[in-house]
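Heads up: the structure comes next, in structure tokens.
Keep in mind the model is a prediction, meaning the values are calculated, not measured.
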Amino acid sequence: SAATLRDTLDSVLAQTYQDIEYIIVDGLSADGTQEIVKAYEPRFGGRLRLVSEKDKGLYDAMNKGVRMATGDWILFMNAGDTFASDDVLQCLFDAVDPAQADVIYGDVVKGGVVKAAPRQYRLYHRMLFCHQSVLTRRSCLLTTPFDVRHRLSADFKFFLLQYQQGARFQYVPLPVAVFDTGGVSNRSRSKGLLDNIRVVCEVIPFPQRLLFVARLAVPYLMCRLRGK
């Protein structure tokens, strides 16, 4: 992650919206991450915090970051992810009354192409947006932490539960983040689809559950046959 971390740090620094705290949760990596973060610390003026310790995977680290945060809103970025523009956070808060939302989401850029999110969130068999392109109210994340039993789809489960519990989703039609396609979910496609199936079986009621599992089973089997 150290190879791409500077891109993410520079992108956060460039935001015109300044009321940001940046928390980096590192699982005791030995790739130079800690040294890079320490070199950037003076540029953040006390707004950058680093914790480096063993964790139980990505979602455990994300839960840890939520507990450390002090702000009202959380956005998760992995090393290598960047914001789509320098003013995107300001644009999100200008477009939506934060008091009327629990989840504010937009589009994502993958491979140079903007992938538009749906205007209305709904129950579906996969994530309708990337977690890099969504602001979530911290209180929601504290009440319903990511389920660390799911190694690749805990965010998918979280947003399904939020919808079922009546959270207010607000869509803003603009690219929020540029997604680094080298992440684990893209390298382990069949494992991600299988984890989605597990989530669907846990939280989606019948008969919709059967439809969603069928939609996931075909691409899962194709990925397994292709060794992906």
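No side-chain heavy atom of L48 sits less than 4.5 Å from a side-chain heavy atom of I23. Two residues are said to be in side-chain contact when any heavy atoms from C-beta on lie closer than 4.5 Å; Q132 and V176 fail this criterion. Residues H150 and D147 have side chains in contact (heavy-atom distance under 4.5 Å, counting atoms from C-beta outward). By the 4.5 Å heavy-atom criterion applied to side chains, R137 and V103 are not counted as neighbours. Residues R189 and M222 fail the side-chain proximity criterion, which asks for heavy atoms closer than 4.5 Å. At least one side-chain heavy atom of C130 sits less than 4.5 Å from a side-chain heavy atom of K110. Within the 4.5 Å cutoff, the side chain of M127 has heavy atoms near those of the D155 side chain. By the 4.5 Å heavy-atom criterion applied to side chains, R49 and T70 are counted as neighbours.
Remark: R138 does not engage D72 in a salt bridge, criterion side-chain N to carboxylate O under 4.0 Å.
Rounding to the nearest 0.5 angstrom, the gap separating the OH atom in Y171 from the CZ atom in R119 is 5.5 Å. A distance of 11.5 Å separates OH of Y22 from CD of Q15, quoted to the nearest 0.5 Å. The line from CD of Q170 to CG of L92 is 11.5 Å long, rounded to the nearest 0.5 Å.
Remark: the backbone N or O of S139 is paired with a side-chain donor or acceptor of T143 at under 3.5 angstrom. A donor-acceptor pair under 3.5 Å links the side-chain atoms of T8 to the main chain of G80, judged by distance alone.
Y105 and Y121 make their closest contact through OH-N, 3.4 Å (heavy atoms, listed as atom of the first residue, atom of the second, distance). When all heavy atoms of R122 and L128 are compared, the pair lying nearest together is O-CD1, 3.4 Å. When all heavy atoms are compared, the tightest approach of V203 to K157 is CG1-CE, 4.0 Å. Considering every non-hydrogen atom in both A95 and V172, the closest pair reads CB-CG1, 3.8 Å. Listed here is the closest heavy atom pair of C223 and L193: SG-CD1, 3.9 Å. Contact between L142 and V66 at its shortest, heavy atoms only, is CD2-CG1, 3.7 Å.
Both the sub-6.0 Å distance and the 45° axial angle are satisfied by R209 relative to the ring of F206. Taking the centre and axis of the six-membered ring of F212, the NZ or CZ atom of R215 falls outside the cone set by 45° and 6.0 Å.
A donor-acceptor contact under 3.5 angstrom links the side chains of S29 and D26, judged on distance only. Using modelled atom types, one finds no donor on one side chain facing an acceptor on the other under 3.5 Å when comparing D87 with T16. Side-chain contact, Y17 with D86: no donor N or O sits under 3.5 Å from an acceptor N or O. Residues D10 and Y40 have side chains that bring a donor and an acceptor to within less than 3.5 angstrom of each other.
In this structure, F158 has its ring center at least 6.0 angstrom away from the ring center of Y163. Annotation: F159 is in aromatic contact with F129 [ring centroid separation under 6.0 Å].
The number of heavy atoms from other shown groups lying within 6.0 Å of NZ (K64) is above 12. Counting heavy atoms of neighbouring residues, nucleotides and ligands inside a 6.0 Å radius, atom CD of Q120 does not exceed 12 of them.
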Worksheet entry | Derivation of the side-chain hydrogen bond (donor to acceptor under 3.5 Å, both in side chains) call for N196 and S153 | CA-CA 6 Å; N196 272 23; S153 300; 2.6 Å; yes
